[in-house]
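First up is the structure itself, then whatever we jot down about it.
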Amino acid sequence: MYAIVSTGGKQYKVAKGDVLDVEKLDAQPGEQVQLDVLLLNDGAATTVDPAALAGQKVTAKVVDQHKAPKEMVFKFHKRKRYQRTKGHRQNLTRIEVTEIPGEAAAPESASTAE
């Protein structure tokens with residue numbers, strides 16, 4: 001089972017237990033966040049109807065707030081004595097997906113029940 005969620009103007013394919021970095025969210029480590037669902041697939045059927053997904057949310061736990069590695073931007077115009085160097089570090093939030101809507105609890109195996 002997986003879902004396509006939207007956050008920070010981007011879309012991500014997530015499954016339960018996935019850990020991913022998204023653009024900074026206004027939440028502290030340990031807090032729960034709700035992400036909008038755009039598509040839901042349970043292996044047998046795919047749901048993309050906005051009316052059916054209106055109340056659906058993927059729950060994720062904030063693991064960490066950090067910065068991405070520095071990206072260097074270099075501008076250069078030949079024969080004009082022009083060159084500029086700038087760096088940028090994006091603020092990111094690491095989240096762990098804890099619950100996907102419509103996901104049934106995994107049944108216990110027969111070997112553990114005996």
Side-chain angles (χ1 to χ4, degrees):
M1 168 169 263
Y2 70 90
I4 304 292
V5 297
S6 174
T7 180
K10 298 175 182 67
Q11 297 176 2
Y12 301 92
K13 179 181 176 182
V14 298
K16 186 174 181 179
D18 284 355
V19 176
L20 62 142
D21 293 332
V22 297
E23 285 197 19
K24 186 175 182 188
L25 298 173
D26 189 25
Q28 297 301 316
E31 290 183 13
Q32 300 284 328
V33 292
Q34 303 288 324
L35 304 174
D36 295 328
V37 177
L38 302 177
L39 179 143
L40 192 59
N41 185 328
D42 62 0
T46 302
T47 306
V48 293
D49 181 29
L53 297 172
Q56 307 286 341
K57 300 283 185 183
V58 168
T59 305
K61 182 178 82 168
V62 175
V63 176
D64 186 25
Q65 299 279 2
H66 65 282
K67 285 187 162 186
K70 182 170 269 194
E71 298 288 331
M72 298 304 294
V73 179
F74 183 72
K75 297 180 180 181
F76 177 79
H77 295 185
K78 63 183 181 179
R79 297 186 300 271
K80 304 295 183 195
R81 294 185 182 170
Y82 175 83
Q83 57 186 21
R84 297 288 180 268
T85 304
K86 278 195 152 187
H88 173 74
R89 290 186 73 185
Q90 184 70 37
N91 291 318
L92 299 174
T93 301
R94 181 166 289 140
I95 60 173
E96 179 181 359
V97 177
T98 57
E99 185 181 339
I100 293 181
E103 184 175 51
E108 293 187 27
S109 64
S111 62
T112 57
E114 293 177 2

Is there a path of hydrophobic side-chain contacts, each under 4.5 Å between heavy atoms of I/L/V/M/F/W/Y residues, joining I4 to V48?
yes

Give me the atom names and distance for the closest heavy-atom approach of A68 to L92.
CB-CD1, 3.6 Å

For P101 against V58, the heavy-atom pair lying closest together:
CD-CG2, 3.9 Å

Separation between NE2 of H66 and CZ of R89, rounded to the nearest 0.5 Å:
9.5 Å

Show me the pairs that pass side-chain hydrogen bond (donor to acceptor under 3.5 Å, both in side chains) and involve residues 4-23, at least two apart or across chains.
K10-E23, D21-R94

Would you say V97 ends up clustered with M1 if hydrophobic residues are merged whenever their side chains have heavy atoms under 4.5 Å apart, either directly or through other cluster members?
yes

Side-chain touch V37/T47, heavy atoms, less than 4.5 angstrom
no

Is there a chain of hydrophobic side chains (I, L, V, M, F, W, Y, each step under 4.5 Å between heavy atoms) that links V14 to Y2?
no

Check for a donor-acceptor pair, side chain of Q56 on one end and backbone N or O of L39 on the other, with a separation under 3.5 Å.
no

Exercise: identify the closest heavy-atom pair between V63 and P29
O-CB, 3.7 Å

Does CG belonging to D26 count more than 12 external heavy atoms closer than 6.0 Å?
no

Approximate separation, where rounding is to 0.5 Å, of E96 CD and K61 NZ
5.5 Å

Could you name each residue pair satisfying side-chain hydrogen bond (donor to acceptor under 3.5 Å, both in side chains) that touches residues 78-87, not counting sequence neighbours?
none

Applying a strict under-4.5 Å side-chain criterion to I, L, V, M, F, W and Y, I'd like to know whether L38 and L35 cluster together.
no

Rounded to the nearest 0.5 Å, how far does CD1 of I95 lie from CD of Q65?
10.5 Å

So, does T98 use its side chain to make a donor-acceptor pair with the main chain of T59 at under 3.5 Å?
yes

Tell me, please, which residues at least two apart from D36 pass side-chain contact (heavy atoms from CB on, under 4.5 Å).
K57

